[in-house]
S.K.: 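Take this structure first; my questions come after.
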Amino acid sequence: MTRKLLSLLTPLALLLLVGFGDPSFVDEDEDYYLQEMLTRERYNQVKVKPKSSTADTQEEPKQNPARKIPKGEVGNDKKTDRISDSTKSVKALSRKTVKTKKSPLKESNSISEGFQEFNSMTEECPPMGLETLKIDDFQLHASSTKRYGLGAHRGRLNIQAGLYEDDLYDGAWCAGRDDPLQWLELDARRLTKFTGVITQGRSSLWSSDWVTSYKVMVSNDSHTWITLRNSSADMIFKGNREKEIPVRNIFPSPVVARYLRVNPLSWFYGGSICMRVEILGCPLPDPNNYYHRRNEVITTDDLDFRHHSYKEMRQLMKVVNEMCPNITRIYNIGKSQSGLKLYAIEISDNPGEHEVGEPEFRYTAGSHGNEVLGRELLLLLMQFMCLEYLSGNQRIRHLVEETRIHLLPSVNPDGYEKAFEAGSELSGWSLGRWTNDGIDIHHNFPDLNSILWEAEAKKWIPRKMLNHHIPTPDWYLSKNASVALETRALIAWMEKMPFVLGGNLQGGELVVTFPYDRTRSQGVTREQTPTPDEHVFRWLAFSYASTHRLMTDASRRVCHTEDFAKEDGTINGASWHTAAGSMNDFSYLHTNCFELSMYVGCDKFPHESELPEEWENNRESLLVFMEQVHRGIKGVVRDLQGRGIANAIISVEGIGHDIRTAADGDYWRLLNPGEYSVTARAEGYSLATKKCEVGYAMGATRCDFTIGRSNLFRIREIMEKYKKQPIRLPVRQFQTHKPRERYLGT
C-alpha cells in the first residue's frame, strides 16, 4: 500500500530538489540580540559555503520580489464598458515603459514526462496568506506548543508580540519540546503547487529564539509524509541568523501536495524552536472547491495592480494627468533627504486654484516607507477617479466638482525604495520605516499638546492663548532641530492649503485612529485622551471602518495583539499607545484640518497579487471618507462692503476648539447632526452669533456672517490717523451766535 501511494505521489509531489549547504554556519557564541537596522547590512555580507564539493547547489536567482506575479493569477481582469474603445486604460499606458521579466527559476530535468507541461510553469508563486490572514487558524497545526499564545496560529510571518507578551498573543509558534521531531504544518485545503518557504524567528523583546535549519515534508493525506530530497539525502534548508530578517528558500522545482510541514533541525544556541513562516504556493484549479470560491474576491476595475518604483509612480501619475488633464494637476511639495521630489496630484474641476466655498481634502500615504499598501491604494484611487469621471459616474463627478482633492502617495520615498528593493516578503517589519536620517516622519511634528494643556492648567485660555492654531515653537524651527526635510515640507503644505479633512494611510493593522495620540497624564502609556471634537472624530473614524470589508467584522482574526473589531474598528490614538508629536495632533491644533490615521491592512507590504483584493477592501471606505468633508456647516464671513474677512474665528458653543476662515473669508466646520450656536468674530469687528442646524443628509449647511467694524476699532483708527492727538476742529463749525460776553457786574 505504501509503495503504491509513493508511486502516485512521485510524479506529482516528489520533485528532486537541490542542497542548500550546511546549517551549522551560525556562530553560537555570538550575541544575536541586535536590532534589525544594525544587523541587516552585516547579514547581507555573509558568504555561505556549500555543504560539500560533491553536493549539488543552486544559487537563488536575483529578482525583484515585489513584482513576482505568475501569469494567470492577477492582471486578467476584464475591461469594463466605462470608457470608449479609443481610450486606453491607465494600466496599458503606464506599462509602456515597463519590461516584462522572465521567470528566474529553472526547470528540473527530473520531472516525469507526464507532468512536464504543468511543471514547466516554474514561476515563483505568491504567498499563501499566513501574514495576510487568508490562511485561517484552523489550517495551521503543530507537533507541540509551549503555550496557547505560542501556538501554531501565531507562526505567521511578521506577526508581532507587542510590548506585553502573554498567554494569548505572543510572537511566533514555539514547540513544546526542543528536539528535531517538531514540526509546523499548513493544510492548504486543496492541491497546491508549493514553490518556497520564508522564515523568521520569534518576535520578542526578551527572548532570542530562531531556527537555523529545517527540512520540508509534503503529504496528500496528512498521514504519509515525504521529505524533500536531493540526489542522495534529505534536503536541508538554511534558516535564520537572527530573529527579524526574513530568509527565503525557493524550491528549484515546484512541489504539488495539499499539506506541507516545516521540520526544524537546529536552532539558536540558548534559545528554543520558534518560527514565523510564510509559504509560497499556487492553488491548483478546482471548480468543485466550494471553500475557495466562497472566499474569492474579484475586482472589475481595470487598474494597474502592481507595486511601483519611484520612477514608475511618477510615470503613472503622468499618465493619469494626460488622461484627465481638465481635472488633474501634478505638483510637488518639496524634496526628501536624498533629493526625491514629494509628488502630489490634485483632482478638481478647476485644478490649481482654490474656489470660494469648496472644501479641500487630502490623503497622504507612505510616511513609513515600508507601509506600502497605502501608497498603492492612492495610486489606484487616482486611476479609478479619472476613469470613473470619464465614464460619467455621477458620484465621482459630484465629488470632483464640489471638492478640491489632494493625493500624496509617497511621503517617504527614500524609505520606500529600501523596502521595494528587498521585496514584499523580505523587507521584514521595519526596513524602510524611517527616513535616511533615521526619523519617523509621522511622529516628527512639534508637540503642541503639552503647550495647550499647560496653558489650560494655568487658565490662560482664551485670555493669553487661543485654543486653536497654536504656533510652532521657536526651537522646532531652528536649523539644528531634528526635523526631517519631509516633515518640514509637509508642514509648509499644511499651512498653505486650507485643508478641512485629511487621512494618512498606514499599515500593519486594521483600525482607524483619531486624536489625541498623546496621553494627557504623564508617564501613562495608554489612556483615553479625547479632543473637544470627540464625537465628530468618532463619526469620521466609523465612516471609514464601517464601510471597509473587514475592519468591523467581529469574526475576523486579530492582526497581532489587539481586537479592534470590538471597538467597531476605531480607537482613540492615546488609548492604543501614546505618541508625542503626531501628524494627527499637530494638524488639529495648528490648522483647521481634522486628521485621522487609517491602518488599511495587517500586511504592511502585501504581495502584488493581493492588491486587487485590498483595493476591494478599501475602495468604498476611501470614497465615503472623502465625502465626509461635506458634513457640518460652511459659509463666508464678510464685512459690510461684502469683502471676505481672512482669519476670522468661528466658535461653536459647547466645543472648546475654534477654526479660522481662509484667505477669501470662507470656512468649513465639521459637525455631527444637531443645532448649534455659532459665533463669528475677527479683530476690529463686532461679533455675530446665529443658530445653524446640521441635518442628516449629506451636504454642509450654509451659515454666512456679515460683521461690521467695532466701536473700539473705529476709535483706535481715528486716533492712529491723527497720531493719537486730541482732535481740534475749527470753532466756527459749532458757533451759530456770537459768544456771550461775560457779565462782570459793572
Side-chain angles (χ1 to χ4, degrees), residues 133 149 158-166 168-171 203-205 364-365 367-368 370-371 373-374 429-430 433-434 440-445 447-450 453 502-546 548 550-554 556-589 594-604 618 621 625:
L133 306 183
N158 285 322
I159 201 166
Q160 300 297 297
L163 186 60
Y164 308 102
E165 300 174 19
D166 52 41
L168 292 178
Y169 303 113
D170 219 316
S203 170
S204 173
L205 295 175
T364 60
S367 58
H368 299 145
N370 63 328
E371 294 172 7
L373 179 55
W429 189 250
S430 59
R433 175 184 177 90
W434 300 278
D440 184 335
I441 295 176
H442 187 69
H443 300 113
N444 189 221
F445 293 81
D447 177 17
L448 303 183
N449 304 57
S450 300
W453 295 336
N504 52 83
L505 306 187
Q506 310 213 28
E509 262 298 350
L510 277 172
V511 67
V512 181
T513 69
F514 52 89
Y516 290 122
D517 288 335
R518 177 178 179 178
T519 57
R520 188 157 187 162
S521 302
Q522 293 290 336
V524 178
T525 58
R526 293 186 178 190
E527 179 184 63
Q528 182 78 17
T529 311
T531 66
D533 286 287
E534 170 79 359
H535 297 296
V536 178
F537 273 117
R538 284 192 175 275
W539 167 256
L540 293 172
F542 185 71
S543 70
Y544 192 99
S546 62
H548 189 280
L550 299 175
M551 278 190 188
T552 55
D553 183 0
R556 74 170 177 87
R557 187 195 184 284
V558 299
C559 291
H560 300 285
T561 62
E562 303 282 351
D563 187 3
F564 294 113
K566 295 189 300 183
E567 303 293 334
D568 291 326
T570 68
I571 192 171
N572 171 257
S575 294
W576 184 12
H577 52 74
T578 184
S582 74
M583 183 176 179
N584 296 350
D585 289 2
F586 175 80
S587 180
Y588 180 68
L589 295 176
F594 286 32
E595 182 92 8
L596 293 85
S597 293
M598 292 79 177
Y599 291 79
V600 292
C602 298
D603 190 349
K604 290 183 176 183
N618 288 275
S621 300
F625 186 74

S.K.: Between the main-chain N or O of N370 and the side-chain N or O of H368, is there a donor-acceptor pair closer than 3.5 Å?
M.R.: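 Such a contact is absent between H368 side chain and N370 backbone.
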
S.K.: Which pair of heavy atoms, one from A161 and one from G171, lies closest together, and at what distance?
M.R.: CB-N, 3.5 Å

S.K.: Distance-only, no hydrogens or angles: does the T529 side chain make a donor-acceptor pair with backbone N or O of E527 under 3.5 Å?
M.R.: yes

S.K.: Please lay out, stage by stage, how W434 and H442 fare under the test ring pair (Phe, Tyr, Trp, His ring centres under 6.0 Å).
M.R.: CA-CA 10 Å; W434 300 278; H442 187 69; over 10 Å; no

S.K.: Which residues pass the side-chain hydrogen bond (donor to acceptor under 3.5 Å, both in side chains) test with E509, not counting sequence neighbours?
M.R.: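 Not a single residue meets the side-chain hydrogen bond (donor to acceptor under 3.5 Å, both in side chains) criterion with E509.
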
S.K.: Rounded to the nearest 0.5 Å, how far does OH of Y516 lie from CD of E534?
M.R.: 10.5 Å

S.K.: Will you find, in the side chains of D447 and S450, an N or O donor that is under 3.5 Å from an N or O acceptor?
M.R.: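 Side-chain D/A pair, D447 to S450: present.
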
S.K.: Going by the side chain to side chain contact (heavy atoms under 4.5 Å, CB included) test, name the single residue among T519, L589, D517 that passes it with N449.
M.R.: L589

S.K.: Any heavy-atom pair between the side chains of M551 and T570 that's under 4.5 Å?
M.R.: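 The answer is no; the side chains never approach within 4.5 Å.
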
S.K.: Whether the side chain of E595 engages the backbone of N584 through a donor-acceptor N/O pair (distance < 3.5 Å, no angle test) should be reported.
M.R.: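 No.
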
S.K.: Counting only heavy atoms not in H535 (residues, nucleotides, ligands), do more than 12 fall under 6.0 Å from its NE2?
M.R.: no

S.K.: Do W539 and Y544 have ring centroids that are under 6.0 Å from one another?
M.R.: no

S.K.: Do N504 and S597 have side-chain atoms, one donor and one acceptor, less than 3.5 Å apart?
M.R.: yes

S.K.: Nearest heavy-atom pair of C602 and L510: which atoms, and what distance?
M.R.: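 Looks like SG-CD1, 4.0 Å.
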
S.K.: Is there a side-chain contact (heavy atoms from CB on, under 4.5 Å) between L373 and K604? Walk through the geometry before answering.
M.R.: CA-CA 6 Å; L373 179 55; K604 290 183 176 183; over 6 Å; no

S.K.: Are H560 and Y169 packed together at the side-chain level, in the sense that at least one heavy-atom pair is separated by less than 4.5 angstrom?
M.R.: no

S.K.: Short question: side chain of S587, backbone of M583 - any donor-acceptor pair under 3.5 Å?
M.R.: no

S.K.: Looking at every non-hydrogen atom in both residues, tell me the closest pair between C559 and G508 and how far apart they are.
M.R.: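 What the structure gives for the nearest pair is CB-O, 4.3 Å.
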
S.K.: So how far is it from R538 CZ to D533 CG, rounded to the nearest 0.5 Å?
M.R.: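 Reported value, rounded in 0.5 Å steps: 13.0 Å.
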
S.K.: Could you state the interatomic distance from OG (S367) to CG (D440), rounded to the nearest 0.5 Å?
M.R.: 7.0 Å

S.K.: For the OG atom of S203 and the CH2 atom of W429, what is their distance to the nearest 0.5 Å?
M.R.: 8.5 Å

S.K.: For salt bridge (charged side-chain N to carboxylate O under 4.0 Å, His left out), just list the numbers for R526 and E562, CA-CA rounded to whole Å, side-chain angles, deciding distance to a tenth of an Å, and then say yes or no.
M.R.: CA-CA 13 Å; R526 293 186 178 190; E562 303 282 351; 2.7 Å; yes

S.K.: Look up atom CG in L448 and atom CZ in F586, then write down how far apart they are to the nearest 0.5 Å.
M.R.: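 One gets 6.0 Å once the value is rounded to the nearest 0.5 Å.
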
S.K.: For the aromatic rings, using the six-membered ring if either is Trp, is the centroid distance between F537 and Y588 under 6.0 Å?
M.R.: yes

S.K.: Do we see a donor-acceptor contact under 3.5 Å between the side chains of N158 and Q160?
M.R.: no

S.K.: Say whether, by atom type as modelled, one donor and one acceptor occur between the side chain of N572 and the main chain of S575 under 3.5 angstrom.
M.R.: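 Checked: pair present.
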
S.K.: Given F564, which of V512, V511, V558 fulfils the side chain to side chain contact (heavy atoms under 4.5 Å, CB included) condition?
M.R.: V511

S.K.: Does R518 form a salt bridge (charged side-chain N to carboxylate O under 4.0 Å, His left out) with D585? I'd like the steps, not just the answer.
M.R.: CA-CA 8 Å; R518 177 178 179 178; D585 289 2; over 6 Å; no

S.K.: Where do G569 and A545 come nearest, in terms of heavy atoms and distance?
M.R.: O-CB, 3.7 Å

S.K.: Can you give me the closest heavy-atom contact between F514 and A541, atom names plus distance?
M.R.: CD2-CB, 3.8 Å

S.K.: Rounded to the nearest 0.5 Å, what separation is found between the CG atom of D170 and the CD1 atom of I159?
M.R.: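 That separation rounds to 9.5 Å.
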
S.K.: Are the side chains of E371 and R433 in contact, using a 4.5 Å heavy-atom criterion?
M.R.: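 They are in side-chain contact.
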
S.K.: So which atom in F625 and which in S543 form the shortest heavy-atom distance, rounded to 0.1 Å?
M.R.: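 That would be CD1-OG, 3.8 Å.
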
